[in-house]
Amino acid sequence: MNGNRKRVAILISGRGSNMMALVEAARAADYPAEIAAIVSNRADAPGVAWAEGQRLPVAVVDHKAYPSREAFDEAVDALLAKAGVDLVALAGFMRIQSASFVRKWLGRQLNIHPSLLPAFKGLHPQKQALDAGVKISGCTVHFVTEELDGGPIVAQSAVPVAEGDSPESLAERILAAEHRLYPLALALVA
Ligand code: GRF
């Protein structure tokens, strides 16, 4: 193994398909990052079961067990410190982070969002794209800043919107692009 590989934590809340894409990419000997920790705020996230099955270092930090956003973020941060993490990759992590956590990881924390930012920030971006009638959408990997889905863009991938698309069919097409884009973007940053 290459000793210069950046140590990455992946934060999830659900299905974890982007996490899986990053894990698979990091299995290549020449990939510049290794997965040092996977953290979920939900014990029942399907991604947790998958990561456990792969014998990956996965931890659950249940946000409901903490009195505040800050306290939850501090627990996550302590875990990242213990794992010697260099970079954080949010992958379907459905928690807004405290300003102090975001500032601490500024320039070292990525997120993936299923739209071509700055269009369609926030929830249900695929439905937003359909409602707007755009013919091309896609996905964006960006640095995390205090502005939701608003940080500097690292990489994007465009996906056509098809006639008759539903939010679900568009999401599925974008997700396939996400799985290619995130490993590339993380490698760039690493
Ligand atoms: C992805 O569409 C990602 O862009 C968004 O949430 C979804 C997570 O999916 N932030 P998964 O958990 O990675 O399968």
Side-chain angles (χ1 to χ4, degrees), residues 8-27 33 35 37-54 56-63 76 87-97 101-102 105 109-132 134 136-162 165-189:
V8 175
I10 307 173
L11 272 53
I12 66 167
S13 299
R15 178 177 55 186
S17 69
N18 279 289
M19 167 198 70
M20 293 174 201
L22 294 175
V23 165
E24 294 299 339
R27 285 189 171 138
I35 308 309
I38 292 165
V39 182
S40 173
N41 66 306
R42 298 185 55 121
D44 62 353
V48 169
W50 183 84
E52 283 171 353
Q54 302 285 312
L56 293 162
V58 49
V60 173
V61 185
D62 180 357
H63 62 275
V76 172
L87 296 171
V88 177
L90 304 183
F93 183 63
M94 300 303 287
R95 301 293 305 165
I96 304 276
Q97 296 172 323
F101 187 95
V102 170
W105 288 94
Q109 182 167 226
L110 299 174
N111 181 42
I112 187 157
H113 184 76
S115 76
L116 292 176
L117 292 171
F120 315 134
K121 294 175 179 176
L123 290 176
H124 310 303
Q126 302 92 344
K127 182 174 185 303
Q128 291 186 50
L130 292 177
D131 289 348
V134 295
I136 296 172
S137 191
C139 50
T140 303
V141 175
H142 64 93
F143 285 108
V144 175
T145 64
E146 285 174 65
E147 188 195 340
L148 184 70
D149 300 325
I153 291 169
V154 176
Q156 292 185 305
S157 178
V159 168
V161 178
D165 255 339
S166 63
E168 293 72 27
S169 64
L170 179 58
E172 196 182 320
R173 198 173 311 114
I174 293 174
L175 195 63
E178 293 184 44
H179 298 160
R180 294 187 292 271
L181 185 69
Y182 213 171
L184 288 173
L186 177 63
L188 267 175
V189 172

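This is a predicted model, so every value here is computed, not measured. Order of listing sets the numbers, starting from 1, for every ligand and every atom in it.
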Of Leu116, Leu184, Leu181, the residue whose pairing with Ser157 passes side chain to side chain contact (heavy atoms under 4.5 Å, CB included): Leu181
Residue that, paired with His142, satisfies side chain to side chain contact (heavy atoms under 4.5 Å, CB included) out of Ile112, Leu110, Val154, Asn111: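 Single side chain to side chain contact (heavy atoms under 4.5 Å, CB included) partner of His142 among Ile112, Leu110, Val154, Asn111: Asn111.
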Could you tell me whether the side chain of Thr140 and the main chain of Ser115 form a donor-acceptor pair under 3.5 Å? yes
Would a distance-only check, ignoring hydrogens and angles, find a side-chain to backbone donor-acceptor pair under 3.5 Å from Gln128 to Lys121? yes
Nearest heavy atom to atom 12 (O) of ligand 1 wins, so pick from Gly14, Gly92, Ser115, Gly16. Gly16
For Ile112 and ligand 1, answer yes if some heavy atom of the residue is under 4.0 Å from a ligand atom, otherwise no.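 So Ile112 counts as touching ligand 1.
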For [atom], what is the nearest protein heavy atom, given as residue, atom name and distance?
atom: atom 7 (C) of ligand 1; value: Arg15 NH2, 4.2 Å
atom: atom 11 (P) of ligand 1; value: Ser17 N, 3.4 Å
atom: atom 4 (O) of ligand 1; value: Glu178 OE1, 2.6 Å

Ser40 and Ile12, any side-chain heavy atoms less than 4.5 Å apart: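 Yes, at least one pair of side-chain atoms sits under 4.5 Å.
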Within-cut-off N or O pair, Gln126 and ligand 1, under 3.5 Å: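 In this structure, Gln126 places no N or O atom under 3.5 Å from an N or O of ligand 1.
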Looking only at distances, please establish whether an N/O atom of ligand 1 is found under 3.5 Å from an N/O atom of Asn111. no
With sequence neighbours left out, what residues match Ala171 under side chain to side chain contact (heavy atoms under 4.5 Å, CB included)?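 Counting only residues at least two positions away or on another chain, Ala171 forms a side chain to side chain contact (heavy atoms under 4.5 Å, CB included) with Gln126.
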